[in-house]
Each structure stands twice: as C-alpha cells, then as structure tokens.
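Scroll down for the structure; my scribbles are underneath it.
Every chain is numbered from 1 and lettered A, B, ... according to where its sequence line falls, protein lines coming before strand lines.
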Amino acid sequence: MRKPLNVGRIAAWASLIVLMLVTLFPFYWMLRTALSDNTQLPGHPSSLLPVDTTLGAFKRVLGLSTVAEAQAQGGSGASVDFWLYLRNSLIVATVTTVCQVFFSAMAAYAFARLRWRGRDQVFALFLSALMVPPIFTLLPNFVLIKNLGLLNSFAGIILPTAFMTPFAIFFLRQFFLGISRELEEAAMIDGAGHRRIFFGLIIPMSAAPIATLGILTYINSWNDYMWPLLVGQQENVRVLTVALGVFRSQTPQGGPDWAGLMAGTLVAALPMIILFLAFAKRITNSIGFSGIK
Amino acid sequence: MTATIKAPPNRRRTHGDPKAPPKARSRGDLKVAMIFLAPATLGFVVFYIWPTLRGAYLSFTEYSLLASPNFNGLANYERMVQDSFFWNALVVTVEYVVINIGVQTVLAVGIAMLMYRLTQSITVRAVVLLPYLVANVVVALVWYWMLDFQVGIVNQFLTWVGIDPVAFFGESAYAIPTIAGINVWRHMGYTALLVFAGLQTIPKYVYEAAEVDGSTEWKTFWRITLPLLRPVLVMVLVVTMIGSFQIFDTVAVTTQGGPINASRVIYYYIYERAFTRFDFGYASAMALVLFAILALVSLLQLRLLRAKESDLA
Amino acid sequence: MTISRRSLLKAGLAGLAASTVAGCNNGAASRGDGEVIYWLWDSAQLPMYTECANLFHEQNPQYSVKIEQYGWNDYWSKLVTGFISDTAPDVFTGHSSKYPLFADKGLVLPIDDYVAKDNVDLSIYQKGLADRWIGADGKRYGLPKDWDTEVYFYNSALTDAAGISAEQLNSMTWNPQDGGTFEKIVQRLTVDSKGRRGDQPGFDKDNVKVYGLGYADAGGGDGQTSWSWYAATNGWKYSEGEPWGTKFFYGDPKFTETIGWWRSLITKGYMPTYAQAKSGVDVTTSFGAGKYGMTPNGSWMLGTYAGLKQVKTKLARLPIGPIGKRMSMMNGLADTIWAGTTRREASWAWVKFLGSQTAQDIVAKAGVVFPAVAASMPAAKAAFAKSGWDVTPFLEPVEAGDVFPYPANPNAADVTAVMTPAMDAVMSFEAEPSSLIKANNDVNKILSASD
C-alpha cells in the first residue's frame with residue numbers, strides 16, 4: 001500500500017513536520033524553564049538550555065522542598081501535598097468522564113435513534129445550552145451546591161457536569177446518526193429491545209467517537225479550575241489545578257514562579273499523556289470495526 | 001464523478017435521516033426516549049435552564065450582586081445601545097472569532113487529513129493533542145512569557161534573523177491576532193481530532209472507488225471527503241465558534257482588554273461589569289444579548305451548511 | 001467487551017454514589033465556635049501569619065485560626081462568591097481599592113465599638129495609617145497591618161557605568177517643564193544600540209538598548225507606581241476632599257502637564273513605547289534582564305527585586321518637585337471582619353491580635369513588608385538590611401508626613417474602567433493629554449449618578 005514519494009507527499013510531510021515543531025517548541029520551552037533556577041531566568045532570555053539547571057521547581061511541585069527552600073528559589077510559601085491532589089484529580093476526572101459520557105450517550109441515542117414527537121425541538125433546546133454564558137450558571141450553581149451541603153466534597157465538584165454537557169450530546173448524536181438503520185432493524189427482528197440495541201449495538205459501533213469524547217471530557221475535567229476552586233478548596237478534595245494555582249501570581253504586581261508553574265504544568269499533563277497513549281491504540285483498532293458499515 | 005462513488009444499493013440511507021417517514025414503531029418511542037433522556041434532562045434543567053432563566057430575569061434588574069436586585073425594566077438594554085464599550089467589544093470579538101475560527105478550521109482539517117491519509121502514527125496524534133492537555137490559562141501564560149518584548153524567546157529569534165522585535169500584546173493592531181493565534185495553537189489539534197473522528201466514519205470503499213477512478217488526492221478531498229465530512233464539520237464549526245465567542249481567559253491573563261480597548265472582547269467586558277464593577281444586571285443583559293447572537297449564528301450555520309444536502313445518497 | 005463496559009459503568013455509578021455520601025459527611029463537618037477562617041493573598045506572608053496564628057491560639061486557647069491563601073485574582077472572585085453565598089471568611093485582608101465598596105454595601109463589620117470597648121491604642125501605628133480605614137461614613141473598618149510607599153529601584157552597575165553617584169540619585173529634582181536633574185539622569189542612563197548615551201551626540205532614539213526609565217503601565221486612575229508622585233509634587237490632588245472625593249481632577253492642567261512631560265520621555269527615547277512596555281511579562285523581568293536603568297515601584301516588591309540575581313539593585317529617593325519637597329503615596333493593608341460572620345468575638349480577637357505589636361513583630365522580622373506598628377519598624381529595617389536593602393528612602397516621606405493616600409472610593413472600579421483606557425490612549429499617543437478632561441467628566445458623571 002506504500003505510495004511512491006511525489007512532490008505532493010513531500011510537501012505534506014514537510015507541513016506535518018513544521019506543525020509538529022510549532023506544537024512541540026513551547027513544550028520544550030516549558031521544560032527548559034522548569035529545569036531553570038527561577039531567580040536566574042530574566043538574565044538569560046536567549047539561552048536555549050536551562051539556566052543553572054536544577055530540579056528545584058519539580059521538587060516544589062511535588063512538595064519535596066521545605067517552605068523556606070521554596071521561597072529562596074522564588075517560589076511560594078504554601079505547602080504542597082502532590083500525591084493527594086493527584087488522587088483527587090483522578091477521582092474527579094474519572095467519575096465525571098464516565099457519568100457524563102454515559103448519560104450523554106443515552107440522551108444522544110434518544111435524539112438520534114428514537115422517533116418521538118418534538119424530538120428535534122427538544123434537541124435544539126438542549127443544544128442552546130452550549131451558548132449559555134458561564135456567568136449565568138456559575139453563581140446559581142454554587143449557591144445550589146452550597147445549599148445541598150456539598151461544598152468541599154467530590155460530589156459538589158462533579159455534579160454540574162456529571163449528567164450532560166450539550167457538547168457531549170451534540171457530538172454523540174452526530175455519530176449515532178451515521179449508524180446504519182438496517183443493523184438496528186435486524187436486531188429488532190431478533191427481538192432485541194432498546195436496552196440491548198443501545199448497549200450491544202450502538203455503543204460498540206461508536207467506540208471510536210466515544211473514546212474520543214471520553215478523552216476530551218477527561219482533559220476538560222482535569223483542567224477545570226474555576227469551579228473546583230470555588231467548591232473544593234479543602235485539602236481532602238483539592239484537585240491538582242487548584243493546588244498548582246500557588247505557582248501563579250500571588251500579588252497584584254508580582255510575577256508568577258515561572259519555573260514552578262512550568263514544572264507543575266508538565267507534571268499535571270503527564271497522566272493525561274499516558275492515558276491518551278493508552279486509548280489512542282483503541283481508536284486505531286476501532287477503525288477497522290467501523291469499516292463494516 | 002458522483003455517480004461512480006454511489007454506495008452499493010443495500011447501503012443506501014446509511015445515514016439515519018431525522019426527517020425520514022416514520023416506520024412501524026414510530027409513536028411508541030416516546031416512553032423509551034423519556035427513560036433515556038431522564039439523567040441528562042435532570043442535569044440540563046438544574047444546571048443550565050434554571051440559571052439561565054434567573055439570568056434572564058436579572059437582566060431586567062439593577063443588581064450589584066452585593067444587595068438584592070431591583071426591577072428596572074428595559075433600562076439595561078437602553079444603556080447597552082448607547083454604550084460604546086459594548087459595541088467596541090462586539091467588533092473586537094467578531095474580529096477575534098473570524099481570525100481564530102478561520103485559521104483553526106483550515107489547519108485542523110489539514111492536520112486531520114494528514115493524520116488520515118499520510119500517517120497513522122499514534123505519536124503524531126498524541127503530539128497534536130498535546131497543547132490541549134494544558135489548561136488555557138497556563139497556555140496563555142506560557143505564550144505571554146515566550147512573546148515578551150524584552151526577554152521572550154520569540155523576539156530573540158526574530159532579532160537573530162534580523163527582524164525587529166514585535167510588541168505582540170502591546171500594539172493595538174497585533175493584540176487580537178496574537179491572542180487568536182495562541183488559541184489556534186491550543187485548539188488546532190483538538191479540532192483536528194474531532195474532524196479525524198469524522199473522517200473515520202467515511203466508508204473505505206468510497207476512497208477505493210475514487211482511486212479506481214483515478215481521482216487525484218486533491219479532487220478526492222473536495223468531491224468526496226469534504227461533502228461526506230459535513231455533519232461532523234458542521235458540529236465542529238458550531239461548537240468551536242460558540243467557544244470562540246466566549247474567549248475570556250487568554251485576555252484576562254495577557255492584555256486585560258488593552259492596549260486601550262483593542263482586546264476588550266465581549267465576554268471580558270461582561271465579566272468586568274459583573275465582578276469588578278458589580279453591575280450584574282447590566283452584565284446579565286449583555287450576556288443575554290450574546291446568547292441571542294450565538295443562537296442566531298449557530299442557526300444560520302446549521303442552515304447554510306445543510307443547504308446543499310448531498311451525502312451518500 | 002460489552003460486559004466489561006457495562007461493569008465499568010456500574011463501577012462509575014457506584015463511585016459517584018459513594019462520593020456523594022462521602023461528600024455529605026464532608027460538607028456537614030462543622031467547625032468549632034472558636035475557629036476563625038482567615039484569608040490572605042500573598043503566599044510570601046503565609047509562613048509568618050501561620051506563626052501568628054499559632055501564637056494566638058496559645059494565648060487564647062478558646063480560639064483557633066484556619067488560614068487560607070489564594071492568589072490575587074482568585075482571592076477577590078472567591079470573596080465575592082463568599083459574600084453572595086454566605087461562605088465568606090470571618091476575617092480577610094482588605095485593600096484600599098476594594099474595601100470602600102464592601103463597606104458601602106454593609107459587607108464588612110465596623111469595629112468602632114470593639115475598639116472603644118477594648119481601649120485599642122491607635123497611636124501605635126505609623127502616623128495617619130489607622131485613619132485610612134475609616135470609611136466614607138466615618139466608621140472604622142479595620143486595623144492596619146502594613147504599609148507601603150514608592151521609590152526608584154536602580155541597577156547600580158548601569159548607574160556606575162554612567163558615572164552617576166548615589167548622592168546624585170538621592171537628590172534628584174523634577175519639574176514638568178524640563179524634567180529637572182531627574183530627566184538628566186534618565187537621559188544619561190539611556191544607551192542606544194551603538195553604545196551612545198542619551199546625552200551624547202548622535203544618540204539614536206529609535207534603537208535603544210537600555211532605557212533610562214522603565215514603567216509597568218499607564219497608571220490608570222491612581223498611578224501608584226507610575227506617575228502619582230510627579231503629579232503630587234506638582235501640586236495636584238486626585239479629588240476634592242481626599243480621600244473620599246466625589247469630584248475628581250484628572251482634567252486639571254497640573255495633571256495634564258505632568259502626564260504630557262511623562263510621555264515626552266517616550267518621544268525622547270528614554271522610556272520604552274507604551275506598546276513595548278505593555279508587551280512584557282512585567283516590568284521587573286525586563287529590569288532583571290538589564291534593560292532598564294531604573295524603575296519606580298512599591299515597597300511590597302522588595303522581595304521580587306531581591307530575587308533578580310543578575311542585577312545589583314539599589315534604592316533611590318523620589319525627586320523633589322515644584323512644591324519643594326518629595327511626596328509618596330502611602331497605602332497599606334488591614335484586616336477586616338466580614339459582616340456576616342457568626343464568630344464576631346473570635347474574629348475581633350484575631351484582628352486585634354494581628355494589629356498588636358506582638359504579631360507585627362513576627363511580621364516585621366520576616367522582612368517581607370513594613371509593619372503598621374511604628375515600634376515594630378526597627379525589626380523590619382534590620383530584617384531588610386540582612387537581605388541587603390537600606391529601606392530608608394521608603395521611610396523618609398512617612399516620617400516627614402509627606403505622603404498622600406490612595407484615592408479610595410466606593411466606585412473605584414468604575415473610575416478605573418474609564419481612566420485605564422484613557423491613560424493608555426494618551427501614553428500610546430492615540431490621544432492628547434487634553435483628552436483627559438473628557439475622561440474626567442465621564443468619571444465625575446459616574447460618581448454623581450451613583451450617589
């Protein structure tokens with residue numbers, strides 16, 4: 001199947017390589033900054049290698065350095081319990097993703113594969129939630145969570161995004177629409193109910209889009225900052241992004257702890273890179289599967 | 001050309017058409033649908049509908065957030081018409097959306113095609129998604145650091161190749177393109193992945209047929225890929241454009257609306273009104289107008305892109 | 001395949017249910033009657049406040065303090081959310097630009113009765129400081145904890161190279177016509193790409209390598225670290241009846257001529273263009289890279305400048321202006337009590353403790369900020385000297401009483417919203433200084449409308 005190299009393919013490869021470089025360079029720069037001594041950074045703007053190479057920033061992120069050490073390196077005076085925050089992030093992102101994708105898939109099934117009066121109107125209404133400005137939802141949702149007594153709990157962090165997001169429903173509906181009706185009808189003739197069609201046919205056939213959506217949901221949930229900052233500040237539920245907020249500017253005119261911020265960003269992204277690599281195989285595998293349509 | 005790529009007869013109507021004539025079990029689905037929709041509806045009503053209705057009500061009040069709201073009719077909307085900051089914010093936001101979505105969509109489709117037709121490498125896919133793994137506030141900070149006029153690496157590069165350093169965030173004309181560029185960097189891989197997922201749903205035989213026909217890669221893209229990609233592309237466009245209109249974090253971290261008002265995008269202005277100036281009623285009114293604009297734009301997009309229905313039929 | 005997915009989903013649902021239950025427990029966990037929640041934003045001060053809290057608990061076993069720290073932006077968002085949802089901290093650090101509005105809306109507790117009841121001696125604080133926390137309504141809303149003024153931070157290697165002595169730097173004069181000896185020094189400190197100084201023939205103002213003067217921004221409505229002392233020594237005041245003025249004077253010729261002179265430094269090439277200044281991470285980073293001869297800044301930035309290891313930084317007094325003396329803005333922070341707290345006594349005890357010399361000595365010896373209690377100042381001075389700073393230039397205006405307050409106003413955010421773009425436009429030469437007359441009218445219109 002290997003195609004011969006021609007001008008078009010060379011150009012395509014070249015543009016792919018350029019895109020990869022543009023994508024990767026900032027990550028190199030983050031790594032370079034993370035390995036530098038924060039106090040030396042401004043003096044060496046053009047050094048392509050780390051300035052005064054040190055693991056100090058990573059130690060600060062992982063909570064391995066004392067407050068005094070951290071402050072001497074231009075870090076903050078707050079202590080960091082990295083593994084606890086990592087655990088919390090994993091719980092929040094996992095539960096959010098599983099619930100949201102599952103419930104959204106159910107809804108998408110109703111919108112894509114079932115026939116009922118008013119379906120498209122209801123779908124449009126759900127879709128309109130995409131456009132709701134977050135300033136409308138932030139405060140009322142916070143007050144609701146508080147009244148439910150769920151402040152500083154995982155449930156409080158997870159609930160607003162556990163049942164659906166308009167994007168997830170929209171995304172899955174579009175893919176469910178593309179599934180052949182013949183298979184569904186064949187299954188019905190075999191006496192399968194909607195539950196079996198949904199679990200046995202629709203979900204397996206949409207493995208690739210579901211995996212894609214799952215990854216995106218996971219990333220979004222992992223990176224969410226404002227909401228967990230508001231509802232989950234206590235140590236036992238504090239997620240990684242909120243904890244790493246101490247590496248941002250603390251005072252109105254102060255600069256962030258650049259080295260610490262970059263180290264924290266890289267460390268926080270690592271679990272997701274692993275997750276993605278694990279799932280990426282899955283996506284490729286499912287290509288052959290969806291070919292049967 | 002289209003005739004040759006027609007699907008085999010038994011595969012006609014592979015796309016479940018929502019408007020297809022009801023078949024045997026048409027009416028009975030409502031009950032099942034209600035069960036399938038129940039959890040999502042709960043979340044939708046509690047966390048979206050109710051807050052939105054409340055926000056809509058507040059847009060007709062004077063509400064400082066710190067004291068209870070007072071109904072003031074259409075006063076907020078009257079103010080909006082005369083508020084030059086509001087109109088400026090709309091113009092700035094549209095400029096941002098056009099640059100952001102334009103560049104991002106073209107690049108994303110390009111990357112998706114490269115991932116689909118050129119290499120199936122998982123590494124490439126992982127690399128492309130990398131920027132999206134970083135929270136947008138951090139992405140903004142990283143680029144702010146890299147684009148610094150005096151000590152940013154990008155300006156060091158420019159100096160090395162003999163170009164004068166550029167004040168990316170300080171020059172009115174560059175602020176919005178710079179911010180748009182940063183978000184293209186973060187989102188192009190993500191968008192490409194969505195498009196890529198769509199590409200995977202295009203049956204292989206269509207391409208095989210095209211190849212047998214001797215269609216060039218370029219022609220295949222325009223005549224087969226793009227039309228078949230339409231349902232997914234519509235979704236991607238609608239979703240990314242709505243997100244783009246709500247640009248906020250990058251501005252808050254970098255320019256804070258400046259220089260002067262060059263990057264005071266609508267959502268930043270709304271936020272400023274609501275939470276730093278405690279003018280929540282007015283902010284709600286603007287948010288509602290933004291909501292209406294978004295709804296209109298999305299509707300228009302869905303209509304326009306559905307106009308030339310020509311999928312696999 | 002299907003089975004494993006289904007069980008995965010079941011596990012997920014079980015997880016959610018479990019965490020909901022766990023969540024209820026956490027949410028219901030109530031805190032003791034004597035526990036005060038205290039917020040601050042500066043993480044650098046977290047260690048010493050923790051020490052204060054421990055000592056406080058030792059002295060008052062019935063009370064304890066839980067400290068929470070959030071970065072500046074998050075701090076205010078969370079605080080406002082807290083006010084709305086009854087989850088605000090009992091005691092929190094207040095800022096002059098924010099507390100007037102909170103006081104106006106009845107969100108912070110007046111402490112006059114407590115001060116009277118406990119006979120708190122307000123004369124222990126630096127002169128004038130305690131009164132900054134008397135609101136427009138005449139009530140007292142906090143006890144001061146620290147204060148700040150401004151000076152020039154200069155790169156001593158660059159001043160040495162320019163042959164400018166510390167004496168010259170500390171005896172600068174300024175006027176809005178020719179900039180006085182201050183402008184001469186800035187001019188001399190400026191170096192173009194060919195190594196020619198600003199006062200040497202052939203100086204190329206379009207290719208400057210080191211600017212004599214750096215600046216962070218156009219200053220908005222307060223100009224705290226950018227233009228406030230020039231304007232003040234030119235005989236200008238922010239408003240009628242400072243600090244609670246309702247009529248501002250941004251259109252006053254004394255102000256516009258000050259700004260006109262200030263931005264002329266850009267034209268002359270001694271100061272970066274506005275676009276360049278704003279296209280940077282912050283002014284200290286560029287200073288740390290040796291791009292600026294000197295930068296004005298506030299005392300709270302001492303730690304940041306100390307962290308710039310590539311440059312040797314020293315402090316210089318502000319210049320003497322047309323009114324014949326130096327003037328600096330004096331601002332500061334105070335601890336304030338949330339009006340909705342259910343722990344008033346405990347909160348007051350903590351505020352009183354933080355305002356006492358015992359606590360301020362702890363703060364002072366950390367050498368991060370200047371303590372509000374005058375008697376704690378020697379300890380702070382010694383701590384700063386240990387990290388290489390002679391902080392006298394910050395102290396002098398305070399001792400001489402030549403200070404002016406931050407323009408406090410319940411509508412400060414509205415003033416800023418008008419003045420920031422207006423000042424930006426002037427500094428980027430898109431508008432003339434005379435355009436500030438219109439901006440000033442807009443400000444006064446907002447203030448009169450909100451009365």
Original post:
In residues 17-27 of chain A, which residues are in contact with chain B at a heavy-atom separation under 4.5 Å?
Top reply: A:Leu19, A:Met20, A:Val22, A:Thr23, A:Leu24, A:Phe25, A:Pro26, A:Phe27
Original post:
Do you know which of A:Leu139, A:Leu213, A:Asp224, A:Leu261 has the most heavy-atom pairs with chain B at a distance under 4.5 angstrom?
Top reply: A:Leu139
**OP:** For the residue pair B:Val239 and A:Phe170, establish whether any side-chain heavy-atom pair is separated by less than 4.5 Å.
**Re:** yes
**OP:** For chain B, find which of A:Met164, A:Met272, A:Gln100 contributes the most heavy-atom pairs closer than 4.5 angstrom.
**Re:** A:Met164
Original post:
Is A:Leu266 close to B:Val134 at the side-chain level, that is, under 4.5 Å between some pair of heavy atoms?
Top reply: no
Original post:
Heavy-atom distance under 4.5 Å between the side chains of B:Ile153 and A:Tyr28, does that happen here?
Top reply: no
**OP:** Measure the spacing between CE of A:Met30 and CE of B:Met146 and express it to the nearest 0.5 Å.
**Re:** 10.0 Å
Original post:
Taking all non-hydrogen atoms of both residues, which atom of A:Ala110 and which atom of B:Leu37 are closest, and how far apart?
Top reply: CB-CG, 3.8 Å
**OP:** Against chain B, label A:Ile219 side chain, backbone, both or neither, depending on which of its atoms sit under 4.5 Å from a heavy atom there.
**Re:** side chain
Original post:
Do you know the tightest heavy-atom contact between A:Pro166 and B:Tyr48?
Top reply: CD-OH, 3.5 Å
Original post:
Given a strict heavy-atom distance threshold of 4.5 Å, which part of A:Leu48 is in contact with chain B: side chain, backbone, both, or neither?
Top reply: side chain
Subject >> Under 4.5 Å from any heavy atom of chain A - which part of B:Leu114 >> reply: side chain
Subject >> A:Phe171 and B:Val232, any side-chain heavy atoms less than 4.5 Å apart >> reply: no
Original post:
Do A:Met262 and B:Val138 come within less than 4.5 Å of each other through their side chains, counting heavy atoms only?
Top reply: no
Subject >> Minimum heavy-atom distance A:Met131-B:Gln246, with the two atoms named >> reply: O-NE2, 3.5 Å
Original post:
Where does B:Trp218 contact chain A at under 4.5 Å (heavy atoms): side chain, backbone, both or neither?
Top reply: neither
Subject >> Over all atoms of both residues, closest heavy-atom pair of A:Ala269 and B:Leu133 >> reply: O-CD1, 4.2 Å
Original post:
What part of B:Leu107 lies closer than 4.5 angstrom to a heavy atom of chain A: side chain, backbone, both or neither?
Top reply: side chain
Original post:
If every non-hydrogen atom of B:Pro51 is compared with every non-hydrogen atom of A:Phe136, which pair is closest and at what distance?
Top reply: CB-O, 3.6 Å
Original post:
Taking only residues two or more places apart in sequence or in another chain, which ones pass ring-ring contact (aromatic ring centres under 6.0 Å, His included) with A:Phe198?
Top reply: A:Tyr109, B:Phe36
Original post:
What residue in B:Asn155, B:Thr41, B:Ile35 has the most heavy-atom pairs under 4.5 Å with chain A?
Top reply: B:Thr41
Original post:
Using non-hydrogen atoms only, which part of A:Ile135 is less than 4.5 Å away from chain B: side chain, backbone, both, or neither?
Top reply: both
Subject >> Separation of B:Leu30 CG from A:Arg119 CZ (nearest 0.5 Å) >> reply: 12.0 Å
**OP:** Flag the one option from B:Val46, B:Leu194, B:Val128, B:Leu65 with the top tally of heavy-atom pairs under 4.5 Å to chain A.
**Re:** B:Leu194
Original post:
Does any N or O in the side chain of A:Asn223 come within less than 3.5 Å of the main-chain N or O of B:Asn136, such that one atom is a donor and the other an acceptor?
Top reply: no
**OP:** Check each atom of A:Trp222 against the heavy atoms of chain B and say whether the ones under 4.5 Å are side chain, backbone, both or neither.
**Re:** neither
Original post:
If you tally heavy-atom pairs under 4.5 Å against chain B, which of A:Thr241, A:Leu244, A:Thr161, A:Leu16 wins?
Top reply: A:Leu16
**OP:** Pick one of side chain, backbone, both or neither for B:Met115, based on which atoms fall under 4.5 Å of a heavy atom in chain A.
**Re:** neither
Original post:
Is there a side chain to side chain contact (heavy atoms under 4.5 Å, CB included) between B:Leu118 and A:Trp13 once you walk through the steps?
Top reply: CA-CA 8 Å; B:Leu118 197 63; A:Trp13 273 109; 3.7 Å; yes
**OP:** Check whether B:Leu130 gets within reach of chain A through its side chain, its backbone, both or neither, counting any heavy atom under 4.5 Å.
**Re:** both
**OP:** Check whether A:Phe247 gets within reach of chain B through its side chain, its backbone, both or neither, counting any heavy atom under 4.5 Å.
**Re:** neither
Subject >> Largest heavy-atom contact set with chain A, pairs under 4.5 Å, which of B:Val154, B:Thr159, B:Leu141, B:Asp148 >> reply: B:Leu141
**OP:** Quick one: pull up CG in B:Leu129 and CG in A:Leu216 and give me the separation to the nearest 0.5 Å.
**Re:** 6.5 Å
Subject >> chain A contact via B:Val253 - which portion, at a heavy-atom distance below 4.5 Å >> reply: neither
Subject >> Option in B:Ser298, B:Gly110, B:Ala126, B:Ala274 with maximal non-hydrogen atom pairs under 4.5 Å from chain A >> reply: B:Ala126
**OP:** May I ask you to name which of B:Leu290, B:Leu288, B:Ile49 has the most heavy-atom pairs under 4.5 Å with chain A?
**Re:** B:Leu288
Subject >> Non-neighbouring partners of B:Tyr132 that pass ring-ring contact (aromatic ring centres under 6.0 Å, His included), sequence neighbours left out >> reply: B:His187, B:Tyr190
Subject >> Minimum heavy-atom distance between B:Arg117 and A:Arg9, given as atom pair plus value >> reply: O-NH1, 4.3 Å
Original post:
Looking at OG of A:Ser46 and CH2 of B:Trp160, how far apart are the two atoms once the value is rounded to the nearest 0.5 Å?
Top reply: 5.0 Å
Subject >> From CE (B:Met113) to OG (A:Ser15), nearest 0.5 Å >> reply: 12.0 Å
Original post:
With a 6.0 Å cut-off on ring centres, are A:Phe163 and B:Phe44 close enough?
Top reply: no
**OP:** Just give me the residue among B:Thr123, B:Thr119, B:Ile270, B:Leu58 that pairs up with chain A most often, heavy atom to heavy atom, under 4.5 Å.
**Re:** B:Thr119
Original post:
With only heavy atoms counted, which part of B:Ala38 is less than 4.5 Å from chain A, the side chain, the backbone, both or neither?
Top reply: neither
Original post:
Given a strict heavy-atom distance threshold of 4.5 Å, which part of A:Pro160 is in contact with chain B: side chain, backbone, both, or neither?
Top reply: both
Original post:
With a 4.5 angstrom heavy-atom cut-off, which part of A:Phe126 approaches chain B: side chain, backbone, both or neither?
Top reply: both
Subject >> Side chains of A:Tyr225 and B:Val137 in contact at under 4.5 Å (non-hydrogen atoms) >> reply: no
Original post:
When rounded to the nearest 0.5 angstrom, what distance separates CZ in B:Phe291 from CG in A:Leu130?
Top reply: 10.0 Å
Subject >> ring-ring contact (aromatic ring centres under 6.0 Å, His included) partners for B:Phe248, two or more places apart >> reply: B:Tyr267, B:Tyr268, B:Tyr271
Original post:
Under a 4.5 Å heavy-atom cut-off, does chain A meet the side chain of B:Phe245, its backbone, both or neither?
Top reply: neither
